[in-house]
Amino acid sequence: MKFLEYEAKRIFSEYGIPVPKNVLIRSPEELAGKMESLGPGFVLKAQVDVGGRGKAGGILMADQANGIATAKELFGKTIKGLPVREILAEERLPIQQEYYLSVAVDRSTKEALVLFADAGGVDIESLAKNSPDAVRRVSIPLLMHDLPPFMIRDLLGKAPKEIGPVINMLYRVFSEKDAILAEINPLVTTPSGVFAADAKLIVDDNALGRQGITANRDLSEREREAEQHGFSYVELGGSIGVIGNGAGLTMATLDLIEFYGGQAANFLDVGGGAEQERVMRAVKLVAGVPTVKVIVVNLLGGITRCDEVARGIIQADVKQPVIVRLAGTNEQEGRRLLDGKGYRMLDTMDQVVKAAVEAVK
Amino acid sequence: MIYGDKKTGVIVTGATGKQGAFHIPLMNEYARSVGGRGIVAGVTPGKGGKEVDGVPVYNSIREALREHDATASVLFVPAGGAMDSIMEAANAGLELVVAITEHIPVHDTMKAISFATLNGCAVIGPNCPGLLSPGEVKMGIMPSGLFSRGNIGVISRSGTLTYEIVDELTRAGLGQSTVVGIGGDPVIGQTFVDVLERFEQDPMTKAVVIVGEVGGNLEEEGAASTDLPIAAYIAGVSAPPEKRMGHAGAIIEGGEGDARSKIERLKKRGVPVATRPSEIPRLIKELI
C-alpha cells in the first residue's frame with residue numbers, strides 16, 4: 001500500500017529524518033492562523049496518489065497575502081481525475097543542492113538496495129541511463145541493523161557527510177515498516193541542514209496486518225470485496241469473465257483471450273483449494289460485472305478438487321453462459337456433475353478460450 | 001535428479017496443520033510408488049509425539065534429526081512462522097528447504113534467504129508448488145498423475161501453469177527429468193540461474209522449459225547463464241501494468257519488467273518463446 005506524502009513524512013520524521021515545517025489542511029479556512037508558522041512564502045501540495053503531480057498543477061506557490069485564495073483554487077481542482085481533499089502546506093526551503101535517496105527490494109540480490117544520486121527531483125531512470133556515475137548503489141542484507149560506514153562512504157562520494165545519518169534512518173524506516181520502497185526525492189541541503197523535501201513510502205501488502213494497517217486503500221470496491229473472499233481480482237473492462245486457479249494459469253488464460261481476438265472483463269484467481277462456496281462466490285462476483293457476456297472457468301485441480309468447482313458453478317446459477325475446462329483432481333466427478341445442465345465443457349484451455357471469444361462475437 | 005532422489009530423507013515442517021496433514025500422505029504415496037524413502041519425520045512445535053500418516057512428529061528439526069537421517073524439508077507453516085522455520089532448518093544443517101507457504105512478507109523472505117545462504121542451505125520458493133523428479137522424489141504439492149519420466153527440465157514461477165505445461169509435455173511424449181516450481185513472489189530463493197546451474201550438472205536433462213511471467217528480469221538472467229537448450233513461455237502479455245515499485249523499482253528492473261519486452265529480449269538471445277502453453281512441445285522437439 002502506498003502512503004500519501006504527509007503520512008510518509010510523519011513516519012520519516014519519527015525516525016529522525018528532518019522534514020520541512022508543515023500543516024495538513026482539509027479546507028482553505030483551516031489555513032488561517034496556521035500560515036505564520038510556515039514563514040512568508042510556502043508551498044501548497046495536493047495530497048493525491050498520482051505520479052507527476054507538480055506538472056498536473058497539484059503544487060502551487062503561495063504567500064501570506066494569497067494563501068487562502070490559492071488553497072481555495074487548489075481544492076477546486078481535480079489532479080489526473082482525483083479530487084483534492086487534503087493539502088499539505090509547507091515552508092519554502094532555501095535549497096542549495098538536491099539529491100536522490102531510496103531504499104528498495106532488490107529481486108536479484110534478495111537484499112535491500114540503497115540508491116543515492118547527485119541530482120534530485122529528476123527522472124532517476126534517465127539519469128541512470130545518461131550519467132551512470134551520478135547514481136550509486138549498494139546492496140545490504142536485511143539481517144544488518146545499519147549500513148556499515150564503508151557503504152555510506154561509497155554511496156555519498158563527494159556529497160556532504162551530513163547526509164550519512166539520513167541514509168541509515170531511511171534504511172531503518174524501510175526495514176521496520178516492511179517497505180518495498182522508501183524514497184526521498186529530492187533530499188535537499190540548506191544553510192540549516194538536510195531535509196526530505198518529498199517522501200514516498202510503499203508498504204508490502206503481505207505485512208499490512210503486522211504493521212497495524214487494517215484496509216488496503218489501493219483497492220477498488222469490487223477488488224476489496226474479492227479480497228474478503230480471498231481472491232486475487234483485477235477488473236479489465238472487456239466482455240469475457242475469467243476465473244482460474246493460480247495467478248500464472250489465470251494470466252495465461254487472459255493472454256490466450258487476447259491471442260484469439262477477445263477482451264477479458266477481469267482476472268480472478270480463486271487460489272488453491274477453493275471449495276464449493278468460494279467457487280460460487282467467484283462466479284457470482286464475475287457475473288455481477290455489467291459488461292460480462294460469457295464466463296470462462298479454467299481450472300487445473302491440484303489441491304483444488306474439480307467436483308467442488310462443479311458444485312460451486314451449479315450453485316451460482318448465473319444467467320450468462322459458463323464455459324468450463326476442468327482437469328486434474330476428481331475431474332471425472334466434476335464433469336459428471338456438470339453434464340446435461342447446459343454448461344459447455346471442453347478439454348483444453350485453447351478450446352474454452354476460443355469458444356468464449358466466438359460466443360461474444 | 002538435481003535436488004534429491006529416492007534416497008533423500010525429507011522432513012515436513014508444519015506437519016500437523018491442514019496442508020501438512022493433507023500432503024504428507026500424498027508425498028508418501030508417491031515415494032512408495034517409486035521405492036523412495038519419502039517423509040521420514042514431521043515437525044510442529046508443541047505437537048511432538050503425535051503421528052501424521054504414520055510419520056512421527058517432533059517439536060524441532062534438531063529433535064527430528066536425532067532420530068532420523070534427513071537433508072531436506074518441505075514447509076507448510078502459515079506465513080507468520082515461515083521465516084522462523086526456514087532459519088531453523090538452515091541452522092540445523094539441512095541442505096534444502098522447499099517453502100510452499102504463500103503471503104510471506106517479503107522482508108521475512110529476504111532475511112530467511114540471507115540466513116539460509118550463510119548456512120549453505122538452498123531455499124526453493126516461497127509461494128511455490130515444490131519440485132518433482134518423476135520416478136524419484138516429490139517434495140511439494142504437484143499432482144503427480146500428470147508427470148512422466150524423461151529428459152526435459154522445467155522451471156516455473158507459477159504453480160498451476162506448471163501443471164499445464166507438464167501436461168502438454170507428457171501428452172506429447174516428452175517426459176521430465178525434474179520440474180521445479182520456484183515461486184511467484186518478488187523475492188525467491190532458487191532462481192532460474194540457480195536451477196539451470198544444477199540442470200547443467202544433471203546428465204539426465206537435455207533441454208529446459210522456463211515458465212516465467214511479468215515482473216523482474218530473472219528469466220533473462222537465467223537464459224544468459226546457461227548453455228542448455230531452452231524454450232520459454234511468459235505469462236502476462238495482456239496484463240495491465242503492475243503496481244509499480246516507483247523509480248527505484250524501475251531501475252532494478254531496467255524499466256523493462258513487462259512481458260512483451262521480456263519476450264523480445266529472450267528472442268534476441270535466441271530463446272524460442274511460445275505464444276501459448278500448447279506450443280511448448282513443438283518448440284522443445286525442435287531443440288532436441
Side-chain angles (χ1 to χ4, degrees), chain A residues 2 51 100 102-108 110-113 115 123-125 128 135 137 141-143 175 178-181 183 185 200 202 204 206-207 210 218 234 236 244-252 254-259 264 267 271-273 300-303 327-329 348-350, chain B residues 19 22 79-80 102-111 113-115 117 129 141-143 145-146 156-164 167 184 186-189 191 211 213-214 216-218 221 233 235-240 243 245-253 255 259 275-278:
Chain A
K2 195 171 160 192
Y100 173 93
S102 70
V103 188
V105 170
D106 187 340
R107 292 175 183 229
S108 289
K110 302 152 199 175
E111 296 176 336
L113 175 73
L115 287 179
D123 179 357
I124 194 78
E125 292 163 54
V135 183
R137 57 184 74 201
L142 275 181
L143 299 172
S175 143
D178 274 300
I180 52 178
L181 175 71
E183 181 182 79
N185 184 28
K200 195 166 167 186
I202 305 174
D204 178 6
N206 281 337
R210 71 179 178 196
D218 298 346
V234 182
L236 300 166
N245 64 330
L249 184 68
T250 314
M251 209 151 41
L254 300 183
D255 293 349
L256 210 49
I257 288 174
E258 194 180 88
F259 178 82
F267 165 101
L300 232 167
I303 306 184
T329 313
T348 68
M349 69 187 267
D350 279 82
Chain B
Q19 293 293 335
F22 181 75
E102 59 179 346
H103 299 307
I104 302 177
V106 69
H107 281 218
D108 287 8
T109 302
M110 291 195 283
K111 286 176 191 164
I113 291 170
S114 287
F115 186 85
T117 307
I141 61 174
M142 295 174 178
L146 305 173
S156 171
R157 283 173 65 185
S158 148
T160 41
L161 197 47
T162 314
Y163 314 155
E164 184 75 39
D167 189 34
V187 173
I188 48 175
T191 61
V211 184
E213 59 191 33
V214 61
N217 59 358
L218 297 176
E221 283 179 9
Y233 172 74
V237 170
S238 65
K243 287 175 187 173
M245 277 165 58
H247 289 150
I251 281 189
I252 299 166
E253 299 172 9
T275 47
R276 42 203 167 120
S278 53

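Computed from a predicted model, the values in this text were never measured in an experiment. Below, read A as the first sequence line, B as the second, and so on, with proteins coming before strands; counting in each chain starts at 1.
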Minimum heavy-atom distance [X]-[Y], with the two atoms named:
X        : Y        : result
A/Leu249 : B/Leu161 : N-CB, 3.9 Å
A/Arg210 : B/Pro105 : NH2-CB, 3.3 Å
A/Gly248 : B/Ser158 : CA-OG, 3.3 Å
B/Val187 : A/Asp106 : CG2-O, 4.5 Å

Taking C-beta and beyond as the side chain, do [X] and [Y] meet within less than 4.5 Å on heavy atoms?
X        : Y        : answer
A/Asp255 : B/Tyr233 : yes
A/Asp204 : B/His107 : no
B/Asn217 : A/Ser108 : yes

- Query: In terms of heavy-atom pairs under 4.5 Å, which option from B/Ser278, B/Gly159, B/Gly236 contacts chain A the most?
  - Reply: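 Looking at each of B/Ser278, B/Gly159, B/Gly236 in turn, B/Gly236 comes out on top.
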Non-hydrogen atoms of chain B under 4.5 Å away: do they reach the side chain of [X], the backbone, both or neither?
X        : answer
A/Leu236 : side chain
A/Asp178 : both
A/Asn245 : both
A/Leu254 : both

- Are any side-chain N or O atoms of A/Lys110 and backbone N or O atoms of B/Gly189, one a donor and one an acceptor, separated by less than 3.5 Å? yes
- Query: Can any side-chain N or O of B/Thr160 pair as donor or acceptor with the backbone N or O of A/Leu300 at less than 3.5 Å?
  - Reply: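 Absent.
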Separation of [Y] [atom2] from [X] [atom1] (nearest 0.5 Å):
X        : Y        : atom1 : atom2 : result
A/Arg107 : B/Ile188 : CZ    : CD1   : 9.0 Å
B/Met110 : A/Ser175 : CE    : OG    : 9.0 Å
A/Met251 : B/Glu213 : CE    : CD    : 4.0 Å
B/Asp108 : A/Leu142 : CG    : CG    : 9.5 Å

- Query: So what's closer than 4.5 Å to chain A heavy atoms on B/Glu102: side chain, backbone, both or neither?
  - Reply: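 Contact with chain A: none, neither part.
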